[in-house]
Amino acid sequence: MNILILKTNIAGPSGIQAVQAVLNRHPVISRWTIDTEDIDNVLRIEASDTLTEADVIELVGPVGFKCEELQD
């Protein structure tokens, strides 16, 4: 199991709904959440080891959102 944590510009229910279809359909993503209360709108994904941050960036880009690896 791989846990990816990314900073996003997904803020609010409409943004979550927009990425929901993409993330829910992906075969290696088992669970995901977006913390819109956090200043970085953190997207946390549990997936198989094959999914990378770059893969997630490519998934959410076409639906109009940006994300990047969250630095420590």
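- The side-chain heavy atoms of H26 and L51, taken from C-beta on, include a pair separated by under 4.5 Å.
- With a 4.5 Å cut-off on side-chain heavy atoms, V60 and T8 do not count as touching.
- You'll find the side chain of V19 reaches within 4.5 Å of the side chain of I34, heavy atoms only.
- Crowding of Q17 atom CD: a count of heavy atoms from other residues, nucleotides or ligands under 6.0 Å not exceeding 12.
- At least one side-chain heavy atom of E53 sits less than 4.5 Å from a side-chain heavy atom of L6.
- Here the OG atom belonging to S30 is positioned 10.0 Å from the CG atom belonging to N2, to the nearest 0.5 angstrom.
- Here the CZ-CG distance, from R25 to L59, works out to 9.5 Å after rounding to the nearest 0.5 Å.
- In this structure, CG on D35 lies 12.0 Å from CD1 on I10, to the nearest 0.5 angstrom.
- I16 places a side-chain heavy atom less than 4.5 Å from the side chain of T36.
- Residues I3 and I45 form no side-chain contact, since every pair of their non-hydrogen atoms from C-beta on lies 4.5 Å or further apart.
- The side-chain hydrogen bond (donor to acceptor under 3.5 Å, both in side chains) check on S48 picks up T50, with sequence neighbours excluded.
- Taken to the nearest 0.5 Å, the CH2 atom of W32 stands 5.0 Å off from the CD atom of Q20.
- Following chains of ILVMFWY side-chain contacts shorter than 4.5 Å, one cannot reach F65 starting from L70, and the two form parts of different hydrophobic clusters.
- Salt-bridge annotation for K66 and E68: absent, with no side-chain N of the basic residue lying under 4.0 Å from a carboxylate O of the acidic one.
- Following chains of ILVMFWY side-chain contacts shorter than 4.5 Å, one cannot reach I57 starting from V42, and the two form parts of different hydrophobic clusters.
- Interatomic distance, CZ of R44 versus CG of D38, reported as 13.0 Å (0.5 Å rounding).
- The line from CG of L43 to CD1 of I5 is 9.5 Å long, rounded to the nearest 0.5 Å.
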